[in-house]
Amino acid sequence: MTITADSATAATGDSAELIAALRRAGVSRVDGSALARGMYSADASLYRVVPQVVARPQHVEELHAAHEVSSELGVPLTLRGAGTSIAGNAVGEGIVLDTRDLKQIIDIDPESRTARVEPGVVHADLQRAAAPHGLRFGPDPSTHSRCTIGGMIGNNACGSRALGYGRTADNIEAIEVLFGNGETARLASGAARSSEQGSTAAKLRQLAEQNLGHIRTSFGQFDRQVSGYSLEHLLPENRGRVERFFAGTEGTLGTILGATVSLVRDDPGRRLMVLGFPSVAEAADAVPAILAAGAGELIACEGMDSRLVALVRGAGRRVPTLPKGESWLFVETAGAQALEILSQVQSSSGAVGHRLIEDAAEAAALWRIRENGAGLAGISLPTPAHSGWEDAAVPPEHLGRWMREFEALMVEFGLQGYPYGHFGDGCIHCRIDFPFTHGDPASTGVFKEFLAACAERLAAYGGSLSGEHGDGRVRSELLPKMYDQTSMALFAQVKEICDPRNLLNPGIIASPDGGSVASQTSHLKPTQPKQDLPWPGMLMTHDAGDFAAAAHRCSGVGRCVAPKTSGVMCPSYVATREEKDSTRGRARILQEAMDGTLVKGLTDPAVHEALDLCLSCKGCASDCPAGVDMAAYKAESLYQTYDRDHKGQPKRRLRPRSHYILGRLPFWAKLVSPLAPLANVSLKVPPIAALAKWVAGIDQRRSVPKFARTTFRRAAKASQPASGQPDVWVWADSFTNHFFPQSGLAALEFLRSQGLDVRVIEPQGCCGLPWISTGQLDQAKRLIARAVSALEPYVASGVPVIGLEPSCLATLRSDAVELCSDQQARTVADGVLTFAEVVNRFVDEGRIELPDLTGVDVVAQPHCHQSSIIGWDVDQALLHMAGATVTKVPGCCGLAGNFGVEKGHYEVSVAVAESNLLPAVRDQERGRASAQRRIVLADGMSCRIQLEDLADVPAIHLAELLAQASGGSPFSGSSSSS
């Protein structure tokens, strides 16, 4: 879209001078808008700190330029990778630098097993680049799909496999750093003399030499002692490795310009055993024995609570079978002796149950649950659960005792939380339901007192406030409870040497003069005032009708900003790599609109700029660990903008043209239906087509969907049996009825060929999806209520009811209960089925025999709504059962209903299609010569139109495939078929 000075990206007066200075210095992408500042005012922590400007350097030289401006104007500078910091160390006043465009992997050397990278390289991208050499970067945080190497160094990230591969600090060979004092240095393990690494490195080593005894007895006492500055790396016996000391300094001493990291052999033979225990504390008790039995060969020993697993099951997602227990340890090792080691571990563990996970897919599913721990924990309790006391660590031999004391402290303070984490390293994560109150800064009392009590008790075990996430804003104030005055003075001296003007991430860990650091109770988001919607359009059933609470489901863990995804979320971010086009970026702006100061409500231009490229695909509803449903939030925002005034009262405003045409497409299709042949012919005339597209708000490069010459209902009527209860009912949704009747006719033909009595439901109804996606919720409620009323008797009869268009069926399963509060909506949502689900049921009952699809090569694009709301596992299982070779395309096709057709969205729609769908189709065309037949399968109308528009590839519905393979009529993939 075109950005003007009046748009959401226009700079405020306060930041204009700073923006001008940065641009003069050579920083090309600088933004001081409410949109940018709002998105970057938070990371994954509890804190909201609004920056003056946000910059995205395109070259490493721009980091130097930003430092120069920071120094010249005395403006604080905060570095940010993926923005997944849980401690509040990626937010700050002044300049925030997003380094994700500095993503070049400069070199991978298989012989030395090293990689040279820029700071914005995403961990998963490095893994993909190293994999062909049989190598990997060892540490793998749960955010590995999006966290950056620079950010990992900043926090000294560890992850689930640090037990085997070490912390980030242990895997650094060299870094190039720009210190806060202006010096640039290359710090490497091979430099024998401090002069080769610059005066700052020499001063740091000299400081260590002057305090050898204290550092030896106070630092590096166990692997996860991450809080403060890790001075042990500066000791002579550790070769004074300043490059490793720099890990965990949280951007407070200097900026990483580049790094050389070590790689390890990636053993594909990793084996996983799950051990069950009666409680979390008893799992913790077992850790020392497990580590001893593992004899140094364990790669991971991770803890997971049953209550987090229950959340996954409660969301309808499959969880592999777990052994008996209420708490589990995931123990992993590799190599020729892996099974023997795991057997020894199991025998020594005292577990009440165990299971060796033989299937790689099951192991991956269990690790995904563990990786999603932070997001799941945030929604695990009746009230919001927060980070804060997030990642304390103790020597593993004390873990059981510490766990019991920690749980007793939660009881004492009336708090709840479900611990999980890196038990083998003694590191525990826990989201806790601190009783914050919006609009009441005094509600931080319990939070502050609990954290102080935990810090004092932890110190008795020789523990660390942070085990991997850093101190940030939440723990820096607590460091004197962990370290004595001498240590704290050393931290201040380190800061004085490296950043004497205190411009780099000020307030974190230490200040040069030994003064105070950031208050842990300042800038807390949960205590800000919160607005309510006086007249909401959607019920927000998962958040008790509270739209602001729904928006705050996003805790910033950032799964949506992964540059590659195996799911659906977030297609526009994958295409643009812009924060505003991620689920998290949009959620941040909605949070600002509801309880911030930058964005003035849901009608603010910043909200609509952030939501503009949301495809309403609902990918986040399933792929986001916290269950954010941005499609619903977008619908609500559009509704509040166009159908409500500032008091929430009904008031219609002029909408975009596309809302009146594309947003009411079923209405127009029904109106045009008697004249469908004439309409189709007319729309082939270029001037008429161009005018029609302009009126409808359709991009001129798009085709206009063809209307069916004969609707599905009319064509099916001739063969409709007379009376009695059928075996199957078919619902004629608007899209199948008016655009793709061949899908419905194929379903009838295939099922009837199996001897089943199949009929089309007589009462008409529309789910209202186009109205919902454009925020016309008053009309949508009426439409979906009528559809629910029509369908409920059929669903309640017990006869299977099929919906053929996935988006319509998903709307009935999800949006119906968000718009209709009666039991009928729930009955329909729980009862309507996909074609595949009904076929699978009858196959199990022996009433359907699948055709032989041996030799058929299928590239399948599941509709994004089906993937997100319904799931595609049953479809895939049926195809495999029939003998087909199946390639499931991840992600969204890019059309997504009206989105990809609308003017202004074409380029992004094509870019989304190029992410996964179009390459998969081209690969199918180029290869697989042995296949007798190649099929592109797409049940959704949007996916079929996208394929026809962009690749001239006809796609068919699963019903058409089965009908053809069973000897039925050769239905084509064209939308003009009768």
Side-chain angles (χ1 to χ4, degrees), residues 314-316 379 532-554 568-569 583 586-587 590 594 602 611 614-624 626-644 648 650 663 666 733 765-792 795 803 805-832 863-871 896-897:
I379 57 171
D532 293 313
L533 296 180
W535 196 313
M538 305 195 78
L539 297 175
M540 297 295 163
T541 54
H542 296 294
D543 297 281
D546 187 338
F547 179 81
H552 276 285
R553 278 178 167 264
C554 175
V568 178
M569 179 183 71
T583 303
R586 295 175 182 124
L590 292 175
M594 298 306 293
L602 296 180
L611 293 174
C614 172
L615 285 79
S616 295
C617 68
K618 283 194 176 287
C620 48
S622 61
D623 292 352
C624 171
V628 168
D629 184 355
M630 193 54 62
Y633 306 168
K634 180 177 182 178
E636 185 68 65
S637 298
L638 291 170
Y639 176 68
Q640 295 294 328
T641 297
Y642 294 111
D643 292 350
R644 290 289 176 264
D733 62 83
C766 176
C767 70
L769 174 59
W771 285 265
I772 296 170
S773 62
T774 52
Q776 302 178 76
L777 299 184
D778 291 332
Q779 301 95 316
K781 286 178 185 178
R782 292 193 291 270
L783 286 166
I784 206 164
R786 284 202 292 267
V788 163
S789 180
L791 288 170
E792 193 272 342
V795 172
E805 167 56 43
S807 61
C808 296
L809 190 63
T811 300
L812 291 174
R813 285 199 179 181
S814 60
D815 294 310
V817 296
E818 293 292 346
L819 293 168
C820 305
S821 58
D822 58 32
Q823 182 55 42
Q824 279 191 329
R826 176 54 63 191
T827 299
V828 170
D830 292 341
V832 289
H863 192 286
C864 49
H865 283 194
Q866 179 168 357
S867 291
S868 305
I869 303 301
I870 302 168

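Just so you know, these numbers use all the heavy atoms, side chains as well, and skip hydrogens, waters and symmetry mates.
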Is there a donor-acceptor contact under 3.5 Å from the side chain of [X] to the main chain of [Y]?
X: Asp623; Y: Met569; value: yes
X: Glu818; Y: Met540; value: yes
X: Asp822; Y: Ala825; value: yes
X: Arg553; Y: Ala626; value: yes
X: Asp532; Y: Pro534; value: no

Flag side-chain contact, heavy atom, 4.5 Å: [X] against [Y]:
X: Met630; Y: Leu590; result: yes
X: Pro650; Y: Asp643; result: no
X: His863; Y: Glu805; result: yes
X: Asp778; Y: Tyr639; result: yes

For [X] versus [Y], what's the shortest heavy-atom pair and its separation?
X: Trp535; Y: Arg644; value: NE1-NH2, 3.1 Å
X: Cys617; Y: His865; value: O-CD2, 3.2 Å
X: Leu819; Y: Gly537; value: CD2-O, 3.6 Å
X: Val817; Y: Ala829; value: CG1-CB, 4.0 Å
X: Gly768; Y: Ala780; value: O-CB, 4.2 Å

| query | Taking only residues two or more places apart in sequence, or in another chain, which ones meet Phe547 in a ring pair (Phe, Tyr, Trp, His ring centres under 6.0 Å)? | reply | Tyr633

| query | Passes side-chain contact (heavy atoms from CB on, under 4.5 Å), Leu638 versus Gln776? Steps please. | reply | CA-CA 8 Å; Leu638 291 170; Gln776 302 178 76; over 6 Å; no

| task | Would you please name every residue forming a side chain to side chain contact (heavy atoms under 4.5 Å, CB included) with Ser868, sequence neighbours left out? | result | Val568, Lys618, Ser622

| message | Under the criterion side-chain contact (heavy atoms from CB on, under 4.5 Å), I'd like the reasoning laid out for Arg586 against Val628: C-alpha separation, chi angles, the key distance, then a yes or no. | response | CA-CA 11 Å; Arg586 295 175 182 124; Val628 168; over 6 Å; no

Measure the spacing between [atom1] of [X] and [atom2] of [Y] and express it to the nearest 0.5 Å.
X: Asp830; Y: Leu812; atom1: CG; atom2: CG; value: 11.5 Å
X: Leu783; Y: Trp771; atom1: CG; atom2: CH2; value: 5.0 Å
X: Thr641; Y: Glu636; atom1: OG1; atom2: CD; value: 9.5 Å
X: Lys781; Y: Met538; atom1: NZ; atom2: CE; value: 9.0 Å
X: Arg782; Y: Cys820; atom1: CZ; atom2: SG; value: 12.0 Å
X: Ile870; Y: Ser814; atom1: CD1; atom2: OG; value: 8.5 Å

| task | Let me see the working for Ser637 and Leu611 under side-chain contact (heavy atoms from CB on, under 4.5 Å), right down to the final yes or no. | result | CA-CA 9 Å; Ser637 298; Leu611 293 174; 3.6 Å; yes

| What do the steps show when you test Leu533 against Leu602 for side-chain contact (heavy atoms from CB on, under 4.5 Å), and what is the final call? | CA-CA 10 Å; Leu533 296 180; Leu602 296 180; 3.8 Å; yes

| Of Ile772, Asp733, Ile869, which is the lone residue that meets side chain to side chain contact (heavy atoms under 4.5 Å, CB included) with Thr811? | Ile772

